[in-house]
Undergrad: 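Questions regarding the structure given below will be posed in turn.
One-based numbering, in listed order, for ligands and for the atoms of each. Model, not experiment: these values are computed from the prediction. Position 1 is the first residue of the sequence, and the numbers go up from there.
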Amino acid sequence: MKLSSFWYVVAESDALRTGQVLERTVLSERLAVFRDASGKATAMRDRCMHRNAPLSKGTVKSGCLTCPYHGWTYDGDGKVVAVPAEGDAFKPRASRSAKTFATREEDGFVYVRLAPEADAIEGVAPFKMPYYGQPGWHTVRLVNVFKNNVTNCAENFIDVPHTAFVHLGTFRSSRKQKIDVSVQRASGSVHIEYRNETSNLGLFAKVLNPTGRPIQHRDSFHMPNVTSVEYVFNPTMRLFITSQSVPEENERTRVYTDVTYNYGLLSRIAKPVIRWHAQKIIDQDLVALADQMAVIEKYGEEFNNTAADAIHVLVESIRDEIAAGRDPRALPEKRAEISFWL
Ligand code: FES
Ligand SMILES: [Fe+2]
């Protein structure tokens, strides 16, 4: 199993418009992404076969991508369909075909898989975004580039203790409350269930949980790069924050965050507030994670764990397994009960 065998988001479907080309990087592979004549997303190596100019700086016309340097033109399969300097003598040749990668479009995202079909893994598909597009549910979608790796980003997104520091007042207030947590690793995922969490949700506690009753809170990690946070404030108010952390380079991660919620009648008016609030929280994490990486780059990565970090250890065990070329779904199931103070 390799990281390149998984599906990674390269764009929001809406952001990849007909006649447009996007420049992206996934696992250090430079890509030019555009829509072919049929509207299907094409991900091509961002390197012209002629003199290696970046195709992502080219132009798209009738579903074909033209290189900005000498005008070689590629169709959606990567085939060269025009070479201006050859004039009328131009003939397509089998040897003139750019490298293309598999794409898929789901839940309003365009995905790419770098590995060829032969290295595809059975049962590995894009993560199903919870309740995306379902009646009564609304999604706010945010995109941010973090100066850190996927593992540290994913850990941050399901790290509860940091919220009382990094997001103090924005998202949480400190209550010196003991939280009990069940943690389980099974088939490439980590599932976390929090108990006796009440209304220490900072700014919006009064709106989200006016009566201060216990909140249901579940987090999860799914190999290789997805985290999901679920809050059930009451039977009519539910919220998911699902993040896909896409590795661009070793220390650069593009994160697509969906806040999908159902607040009943409040849903529509809540949207701008949720967008503003979610981005404010992410802005704080952008700084915290860039600062962490700056220190790691200087001194190397060497962590020291508390009971609350059991979650991170399990996430790392899954990511390490893939890095070693093994399938984390074969790891033994693990369960733990932990407690920490918040
Ligand atoms: S480098 Fe692309 S056409 Fe020459
Ligand atoms: Fe955070």
Undergrad: Quick one: give me the number of protein N/O/S atoms under 2.8 Å from the Fe ion (ligand 2).
TA: 4
Undergrad: Got a salt bridge between Glu105 and Arg35, using NZ or NE/NH1/NH2 to carboxylate O under 4.0 Å?
TA: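 Salt bridge between Glu105 and Arg35, a charged N being under 4.0 Å from a carboxylate O: yes.
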Undergrad: Compute the centroid of each ring, for Tyr132 and then for Phe109, and state whether the two points are separated by less than 6.0 Å.
TA: no
Undergrad: Would you call Thr66 and Lys61 a side-chain contact if the rule is heavy atoms closer than 4.5 Å?
TA: no
Undergrad: When you measure from the centre of the six-membered ring of Phe221, is the NZ or CZ of Arg319 closer than 6.0 Å and no more than 45° off the axis?
TA: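 Checked: cation-pi criterion not met.
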Undergrad: With the threshold set at 4.0 Å, does a side-chain nitrogen-carboxylate oxygen contact exist between Asp180 and Arg195?
TA: no
Undergrad: Per the side chain to side chain donor-acceptor pair (under 3.5 Å) rule, which among Tyr8, Tyr256, Tyr111 passes with Gln244?
TA: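 That would be Tyr111.
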Undergrad: Heavy-atom contacts with ligand 1 below 4.0 Å: which residues, ordered by chain and residue number?
TA: Cys48, His50, Arg51, Asn52, Ala53, Cys67, Tyr69, His70, Gly71, Trp72
Undergrad: Could you tell me if Thr306 and Asp309 have a donor-acceptor pair between their side chains, going purely by distance under 3.5 Å?
TA: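 The criterion, which ignores hydrogens and geometry beyond distance, is satisfied for Thr306 and Asp309.
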Undergrad: Do we see a donor-acceptor contact under 3.5 Å between the side chains of Ser56 and Asp46?
TA: yes
Undergrad: Could you check whether any side-chain heavy atom of Asp107 comes within less than 4.5 Å of a side-chain heavy atom of Phe127, counting everything from C-beta outward?
TA: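 When only atoms from C-beta onward are counted, Phe127 and Asp107 do not touch, as no gap falls below 4.5 Å.
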